[in-house]
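For the numbers below, each heavy atom of this structure counts, side chains included, while hydrogens, waters and symmetry mates do not.
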Amino acid sequence: MINTFYCFFDLHTLVTTGVVNIVFVVLLFVRIKARSKRWIFRLIISLTMTSLNTVCIIQRPMYITLHERAVEVYTIKETFHINLDKVTIEKFDWENAGAVHRLNASDGLWGYFGIFKSSKIGKFRMCASQKTNLVIIEQEGQLPFVMDEFRFPSYTE
């Protein structure tokens, strides 16, 4: 049986994404006295805003397909295929992970994705649309993978 679940943002993601983009838009309309520097400032802000949003949008999780013994997480950039044979799946809790740092990751802008490092888990990959209700999938020889929990009843109970 195949189940597909669409990734919807939580309130933290919506607020983070909204605030960052509002700040960029406000910066576009800041008055700069030196007319010669005004267009350079606006160009830099526009390019930064466009680049940041584009990079985040193509990496954010769009939907997850749960197969009998595999799960696939789809983004515009790539699809993560995880074979569920010989894995451990547990609930992921930020507090039990210890101190978590982003290595190359987004922590709320269009979702949670990229490579993180934890004092208790070590390096792990994350591709989630919400900050809560997560699972961690650990497989021999692979980075642990944290993702949205979408009904893994036979694995997490």
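With contacts defined as side-chain heavy-atom distances shorter than 4.5 Å, the pair I64/V71 qualifies. With a 4.5 Å cut-off on side-chain heavy atoms, T65 and V73 do not count as touching. For the pair D10 and Y112, the minimum side-chain heavy-atom distance is below 4.5 Å. Between R60 and T13, the closest side-chain pair of non-hydrogen atoms is not below 4.5 Å. A 4.5 Å side-chain heavy-atom check between V135 and V146 finds every atom pair outside the cut-off.
D107 is linked by a salt bridge (Lys or Arg N to Asp or Glu O under 4.0 Å) to R102, counting only residues two or more places apart in sequence or in another chain. With sequence neighbours left out, the salt bridge (Lys or Arg N to Asp or Glu O under 4.0 Å) criterion links D85 to R69. With sequence neighbours left out, the ring-ring contact (aromatic ring centres under 6.0 Å, His included) criterion links Y63 to Y6, Y74. Partners of N53 according to the side chain to side chain donor-acceptor pair (under 3.5 Å) rule, which considers only residues two or more places apart in sequence or in another chain, are N21, W110. Take R38 and apply the salt bridge (Lys or Arg N to Asp or Glu O under 4.0 Å) test, not counting sequence neighbours, and it matches no residue. Every residue two or more places apart in sequence or in another chain that forms a ring-ring contact (aromatic ring centres under 6.0 Å, His included) with F80 is listed here: F145. Among residues two or more places apart in sequence or in another chain, the side chain to side chain donor-acceptor pair (under 3.5 Å) test is passed with N96 by D93. I76 meets the side-chain contact (heavy atoms from CB on, under 4.5 Å) test with I57, I58, M62; sequence neighbours excluded.
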Would you tabulate the side-chain donor-acceptor contacts of residues 117-132 under 3.5 Å, counting partners in other chains and residues two or more places apart, or write 'none'?
unit_1: S118; atom_1: OG; unit_2: A97; atom_2: O; d: 2.1
unit_1: S118; atom_1: OG; unit_2: K120; atom_2: N; d: 3.1
unit_1: S118; atom_1: OG; unit_2: I121; atom_2: N; d: 3.2
unit_1: S119; atom_1: OG; unit_2: A99; atom_2: N; d: 3.0
unit_1: S129; atom_1: OG; unit_2: F8; atom_2: O; d: 3.1
unit_1: S129; atom_1: OG; unit_2: D148; atom_2: OD2; d: 3.1
unit_1: Q130; atom_1: NE2; unit_2: F8; atom_2: O; d: 3.0

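Linking ILVMFWY side-chain heavy atoms closer than 4.5 Å, directly or via other members, places L134 and I136 in a single hydrophobic cluster. Side-chain heavy atoms closer than 4.5 Å link hydrophobic residues (I, L, V, M, F, W, Y) into clusters, and following such links, possibly through other members, connects V19 to V25. Transitive grouping of hydrophobic side chains (ILVMFWY, heavy atoms separated by less than 4.5 Å) brings I89 and M147 into a common cluster. Linking ILVMFWY residues whenever their side-chain heavy atoms come closer than 4.5 Å, directly or via other members, leaves M49 and L43 in distinct clusters. Residue L47 is not grouped with residue I45 when hydrophobic side chains (ILVMFWY) are merged at heavy-atom distances under 4.5 angstrom, including chains of intermediate members.
The two residues L27 and F41 have their closest heavy-atom pair at O-CE2, 3.2 Å. The two residues P61 and F113 come nearest to each other via the heavy atoms CD-CD2, 4.4 Å.
Hydrophobic cluster membership of I22, counting Ile, Leu, Val, Met, Phe, Trp and Tyr whose side-chain heavy atoms lie under 4.5 Å apart directly or via other members: V26. Grouping Ile, Leu, Val, Met, Phe, Trp and Tyr by side-chain contacts under 4.5 Å, direct or through others, puts L103 with I115, L143.
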In sequence, state the C-alpha distance, the side-chain angles, and the governing distance for I82 and E72, and then conclude on side-chain contact (heavy atoms from CB on, under 4.5 Å). CA-CA 6 Å; I82 303 165; E72 293 175 331; over 6 Å; no
Please lay out, stage by stage, how L109 and L52 fare under the test side-chain contact (heavy atoms from CB on, under 4.5 Å). CA-CA 9 Å; L109 183 64; L52 185 62; 3.6 Å; yes
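The side chain to side chain donor-acceptor pair (under 3.5 Å) pairs that include a residue from residues 134-143 number zero, where partners must be two or more places apart or lie in different chains.
The line from OG1 of T88 to CD of E90 is 5.0 Å long, rounded to the nearest 0.5 Å.
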